[in-house]
Protein chains: 2
Amino acid sequence: MSDAVDALMAQWKQERPDIDVWPMGVIGRISRLSALLGRELKESFAEYGLEPFEFDVLATLRRSGAPYELTAGALLKAAMVTSGAITNRIDRMEAKGLVERVRDGADRRSVRIRLTRRGLELVDEVVGPHVANEERLLAALGPAERDQLAGLLRVLLESMGDTSLT
Amino acid sequence: MSDAVDALMAQWKQERPDIDVWPMGVIGRISRLSALLGRELKESFAEYGLEPFEFDVLATLRRSGAPYELTAGALLKAAMVTSGAITNRIDRMEAKGLVERVRDGADRRSVRIRLTRRGLELVDEVVGPHVANEERLLAALGPAERDQLAGLLRVLLESMGDTSLT
DNA sequence: ACTGATAATCTCAACATTGAGATAACAGCA
DNA sequence: TGCTGTTATCTCAATGTTGAGATTATCAGT
């Protein structure tokens with residue numbers, strides 16, 4: 001079998017035989033998969049009235065454990081977005097009643113973002129179906145293949161300095 | 001060793017032991033890698049005054065072979081974006097002199113987008129360094145690992161119906 | 001030829017992100 | 001106490017994408 005990336009690489013081989021485009025076989029597939037998976041997940045979140053970025057924030061807070069709060073800085077690192085984006089996200093989610101801003105007493109520069117009761121209930125309701133949906137999208141892989149794939153991807157992430165989150 | 005996704009999964013295990021979040025080990029890594037790789041590639045393209053999306057269009061046209069032209073529809077499928085996005089991209093690139101619109105004689109609904117001489121020269125100049133840069137980003141993997149990774153990713157892409165391009 | 005359905009592209013408002021800069025607060029040290 | 005540098009967040013204009021709808025052209029069947 002072959003996918004769109006195989007076709008793409010065959011074209012390059014034809015047009016520029018002087019260049020070995022093997023890296024596209026990895027990077028091209030990662031980026032196409034990311035786009036396709038993102039689309040699927042978006043539909044799934046929409047059933048709960050959530051945008052993917054909203055789930056991302058809710059999940060980051062939820063998995064950090066009680067009292068379910070993190071600084072804006074911790075959130076933007078976890079989400080890999082800029083400070084402007086996090087401010088915007090929190091604004092919307094606060095308006096929606098999913099999180100609240102709590103000024104820190106010790107360091108008044110920072111803001112702690114805390115899950116509201118409603119945000120907590122929502123994320124706890126959504127995370128199960130979300131993982132089940134992810135499982136469905138990966139059903140083409142057997143158990144050994146999943147582990148192998150996860151391991152290879154981790155090698156790359158580590159080589160690019162991807163560590164910690166909170 | 002461990003990466004950010006290992007940390008994330010450990011937190012979930014702590015907070016929601018009832019859910020096995022193994023799919024995040026694959027999907028989370030694909031999406032983080034896509035973001036990190038995208039950043040790196042963007043810097044590289046910037047050295048040639050190109051945005052990533054511009055290279056994407058140039059490369060799609062270049063690898064399609066002489067006369068280096070495709071319809072707007074073919075381009076949007078290859079880039080996995082909506083029609084509005086492609087119209088916008090072509091507008092900008094046409095203004096920059098990288099591509100030109102050619103009305104099709106046979107089907108006057110469609111527009112063929114063609115590389116200009118300048119666009120062709122630019123993409124032929126950039127593609128070599130671009131692939132070399134991608135190679136650098138994948139240096140953490142050995143030859144056998146690359147093939148293995150590409151193969152596993154292909155299984156997923158095929159299962160999601162990713163085929164053809166032009 | 002006509003009519004309705006389909007197809008290809010463009011238009012445009014809404015939206016989320018970036019990136020640079022502003023603001024406010026903390027930390028170390030003379 | 002007063003400086004200087006750093007840190008945390010917010011602000012805002014510019015940018016690119018989406019998604020729905022408009023426009024124009026083709027095709028199939030009658």
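In what follows, chains carry the letters A, B, and so on, assigned in the order in which the sequence lines appear, proteins first and then strands, with residues in each chain numbered from 1.
When the side chain to side chain contact (heavy atoms under 4.5 Å, CB included) test is applied to A/V131, the partners found at least two apart in sequence or on another chain are A/V127, A/E135, B/I19, B/V21, B/P23, B/M24. Residues passing the side chain to side chain contact (heavy atoms under 4.5 Å, CB included) test with A/K42, sequence neighbours excluded: A/E51, A/P52.
Within the helix from C/dA1-D/dT30 to C/dA30-D/dT1, the inter-axis angle between the opening and closing five-pair segments is 20°, rounded to 10°.
Residue B/D107 contributes atom CG, which lies 17 Å from atom P of C/dT6 at whole-angstrom precision. Remark: C1' of C/dA7 and CG of B/L76 are 12 Å apart, rounded to the nearest angstrom. Here the C1' atom of nucleotide D/dA8 and the CD atom of A/E69 are 16 Å apart, to the nearest Å. Atom CD1 in A/I90 sits about 10 Å away from atom C1' in D/dC10, given to the nearest Å.
Within the 4.5 Å cutoff, the side chain of A/R29 has no heavy atoms near those of the B/L149 side chain. Side-chain contact check for A/T116 versus A/E94: every heavy-atom pair is 4.5 Å or farther apart.
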Full working for salt bridge (Lys or Arg N to Asp or Glu O under 4.0 Å) between B/R89 and B/D56: CA-CA 10 Å; B/R89 289 182 181 191; B/D56 189 52; 3.7 Å; yes
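Residue pairs satisfying the ring-ring contact (aromatic ring centres under 6.0 Å, His included) criterion with at least one member in residues 54-80 of chain A, sequence neighbours excluded, are listed as follows: A/F45-A/F55, A/F55-A/H130. Pairs passing the side chain to side chain donor-acceptor pair (under 3.5 Å) check and including a residue from residues 142-158 of chain A, sequence neighbours excluded, read A/R154-B/D6.
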Can you build the contact string for nucleotides 12-24 of chain D? Use B for base contact, S for sugar-phosphate-only contact, and - for no protein heavy atom under 4.0 Å. ----SBBB-----
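Comparing atom distances between the A/T87 side chain and each of C/dC10, D/dT11, C/dT9 picks out D/dT11 as nearest.
Other residues, nucleotides and ligands place more than 12 heavy atoms under 6.0 Å from the CD atom of A/E40.
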